[in-house]
Participant: 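Take a look at this one; I'll ask things after.
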Number of protein chains: 2
Amino acid sequence: MAKLTSLKSEKRLLDRQAADGIRTHILEGILPAGGRLLETQLSEELEVSRGTVRAALAQLAREGLVQQVAFTRWQVSETSPRDAWELYTLRAALEGLAARLAAEHGVAADHKRLKSTVAELTRAVKDKRFDDVTDIDFRLHQEIVEIAKHRRLAEQHGFIMQQVRFHMVHSGFFPTDYAALVDEHAALIGAVIERQPDLAEQLAKSHNEAEVKLLAAHTEENPRAVTAS
Amino acid sequence: MAKLTSLKSEKRLLDRQAADGIRTHILEGILPAGGRLLETQLSEELEVSRGTVRAALAQLAREGLVQQVAFTRWQVSETSPRDAWELYTLRAALEGLAARLAAEHGVAADHKRLKSTVAELTRAVKDKRFDDVTDIDFRLHQEIVEIAKHRRLAEQHGFIMQQVRFHMVHSGFFPTDYAALVDEHAALIGAVIERQPDLAEQLAKSHNEAEVKLLAAHTEENPRAVTAS
DNA sequence: TGGCGGGTAATCGTCAGCAATCCCGCGAGC
DNA sequence: GCTCGCGGGATTGCTGACGATTACCCGCCA
């Protein structure tokens with residue numbers, strides 16, 4: 001059952017390893033939003049050449065975590081309410097498609113996995129392990145996308161979710177109504193398992209719209225909480 | 001009224017110019033699908049260093065036009081029916097969102113521009129200038145996306161449309177029912193102008209679904225027309 | 001036929017260095 | 001006081017050469 005993980009791609013492609021390292025730092029909030037990134041400094045810390053660092057930064061720029069100011073500097077992206085709106089609307093569109101496809105193409109094994117993850121989510125909420133809740137939430141959505149068997153969709157969704165995570169870390173926004181969260185996910189997964197594509201798509205979209213409204217309210221109350229200089 | 005176009009970003013960023021050059025060659029079909037790309041050869045032809053060529057190729061790989069086989073070769077992407085399905089389903093989701101937003105946020109000037117482009121399209125079909133029809137079709141969808149004022153959506157849509165163009169060139173698939181094409185676009189633009197977000201989204205999606213069905217029929221009739229070794 | 005090993009060719013990664021550009025502070029001039 | 005221009009310093013952009021690593025091809029051999 002357990003898949004073999006490719007022996008290759010272990011050590012190789014140094015630029016991607018470099019990107020992984022920088023990405024982790026950004027996603028964990030160690031590097032502040034808007035913070036500057038120096039090629040020479042990174043190349044010393046990571047012990048790779050400047051060229052490799054440049055390749056890594058270009059990749060991260062494509063992922064939306066880093067911005068390039070030509071001839072001047074690299075910096076960690078900043079977070080604005082506008083970004084949050086873009087992320088959630090785009091996420092809704094992508095996850096709507098993913099939910100539809102998953103409802104159409106999912107097989108028994110997929111359904112089993114989804115049920116298991118929902119159960120995990122429910123348990124984590126009951127136990128008030130809220131850090132775990134967030135992780136499981138992300139994983140659940142990722143599983144739906146994987147079931148959709150759509151390479152480009154999975155890639156785009158991954159980038160978007162990375163930015164969502166980044167935005168959450170730097171804006172201090174987290175879900176509040178955990179009961180509703182569980183209900184919405186349970187309903188979505190139910191629609192997927194019962195092979196109701198239209199309903200699944202609709203639920204995936206409305207789930208995201210609910211979040212974007214919460215977020216809007218949050219940024220109203222906490223204006224300019226994080227935006228750097 | 002006319003905006004000033006930035007004086008900068010004209011000549012600079014050699015790696016992007018290199019990417020532009022290679023991209024054009026690929027999109028025009030000069031380089032065959034699956035065709036190999038040699039760093040040394042490209043660097044000679046473009047008269048830039050190999051490092052710059054590598055940066056350009058990495059960019060094109062992120063855009064989906066080129067594939068990297070680690071330590072071995074770069075090659076132009078190949079086209080499969082699966083790719084076509086991915087492109088059209090993803091495109092439907094993105095353009096659905098774009099149409100909805102455009103219907104919600106579009107202003108009079110936007111509506112005027114859309115009407116003008118639809119008129120162009122109608123005229124081109126009437127005159128049987130079918131090359132122009134394809135270009136105007138692409139431009140119309142791009143205008144809707146621009147009206148949506150959604151940076152990430154515009155970026156993703158651009159990449160997808162590039163791949164759609166690539167796939168059309170290499171699979172020899174082009175629209176056939178031009179009357180229906182004009183009707184569908186007119187209906188979509190009408191919904192946008194009349195500010196009917198739900199209808200606009202629905203029309204954008206069904207328009208794409210119609211195309212994916214045509215494409216499926218086409219690849220049934222012409223199996224393996226282009227897929228290289 | 002199937003496995004082993006060497007040769008070749010291409011990419012991956014490094015390095016030193018120069019060019020191009022931007023940022024910033026200082027001083028001149030109004 | 002304010003604006004403007006002008007260098008100097010810092011950082012990125014790009015190059016060329018080089019060695020390291022890897023994949024592919026092909027012949028040898030059992």
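This one's a predicted model, so the numbers in the text were calculated from it and none came from an experiment. Letters go in sequence order (proteins before strands), and every chain restarts at 1.
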Participant: Hey, is A:K205 close enough to B:E201 for a salt bridge, meaning N to O under 4.0 Å?
Facilitator: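 Judged by the 4.0 Å cut-off on N to carboxylate O distance, A:K205 and B:E201 do form a salt bridge.
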
Participant: With distance as the sole criterion, is a donor-acceptor pair present between the side chains of B:E39 and B:W74 under 3.5 Å?
Facilitator: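 B:E39 vs B:W74: donor-acceptor pair found between side chains.
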
Participant: Using only heavy-atom distances, determine whether the side chains of A:T40 and A:S43 contain a donor-acceptor pair under 3.5 Å.
Facilitator: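 There is no such pair (donor and acceptor under 3.5 Å, judged by atom type) between the side chains of A:T40 and A:S43.
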
Participant: For B:R113, does the CZ atom sit with more than 12 other heavy atoms under 6.0 Å from it, leaving out its own atoms?
Facilitator: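 Buried by this count: over 12 neighbours within 6.0 Å.
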
Participant: I need the CG-P distance between A:L37 and D:dG13, as an integer number of Å.
Facilitator: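 That distance rounds to 13 Å.
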
Participant: Which nucleotide in the list D:dG13, D:dT11, D:dT15 gets nearest to the side chain of B:L14?
Facilitator: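 Among the listed nucleotides, the one closest to the side chain of B:L14 is D:dT15.
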
Participant: Rounded to whole angstroms, how far apart are CH2 on B:W74 and C1' on C:dT11?
Facilitator: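 Rounded to the whole Å, the gap is 9 Å.
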
Participant: Rounded to whole angstroms, how far apart are CD on A:E39 and C1' on C:dA20?
Facilitator: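 Distance check: A:E39 CD to C:dA20 C1' gives 14 Å.
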
Participant: What's A:R16 touching, base or sugar-phosphate or nothing? Going by heavy atoms closer than 4.0 Å.
Facilitator: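 The answer is nothing, as A:R16 stays clear of every strand by at least 4.0 Å.
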
Participant: How long is the line joining CD of A:Q75 and P of D:dT11, in whole Å?
Facilitator: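 Distance check: A:Q75 CD to D:dT11 P gives 15 Å.
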
Participant: Sort and list the pairs that fulfil ring pair (Phe, Tyr, Trp, His ring centres under 6.0 Å) and have at least one residue in residues 140-162 of chain B, not counting sequence neighbours.
Facilitator: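 Qualifying pairs, neighbours excluded: A:W85-B:H150, B:H141-B:H185, B:H141-B:H207.
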
Participant: Distance check needed: D:dA10 C1' versus A:R73 CZ, whole Å only.
Facilitator: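 It is 13 Å, rounded to the nearest whole Å.
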
Participant: Looking just at side-chain N and O atoms, do B:Q163 and A:R152 make a donor-acceptor pair shorter than 3.5 Å?
Facilitator: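 Yes, a side-chain donor-acceptor pair sits under 3.5 Å.
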
Participant: Roughly how many Å is it from CG in B:D15 to P in D:dT12, rounded to a whole number?
Facilitator: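 After rounding, the reported distance stands at 15 Å.
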
Participant: Do any N or O atoms from the side chain of B:D135 and from the backbone of B:D132 form a donor-acceptor pair under 3.5 angstrom?
Facilitator: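 Not confirmed, B:D135 side chain does not pair with B:D132 backbone.
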
Participant: What's the closest nucleotide to the side chain of A:T72 if the choices are C:dC23, C:dT14, C:dC12?
Facilitator: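 Within the option list, the nearest is C:dC23.
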
Participant: Among residues 44-69 of chain B, which ones have heavy-atom contacts with DNA chain C below 4.0 Å?
Facilitator: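 Residues of residues 44-69 of chain B under 4.0 Å from DNA chain C: B:R50, B:R54, B:Q68.
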
Participant: Rounded to the nearest Å, what distance is computed from the CG atom of residue B:L38 to the P atom of nucleotide C:dT8?
Facilitator: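 Atom CG in B:L38 sits about 19 Å away from atom P in C:dT8.
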
Participant: What integer distance in Å separates A:F71:CZ from D:dG9:P?
Facilitator: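 The answer, rounded to whole Å, is 22 Å.
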
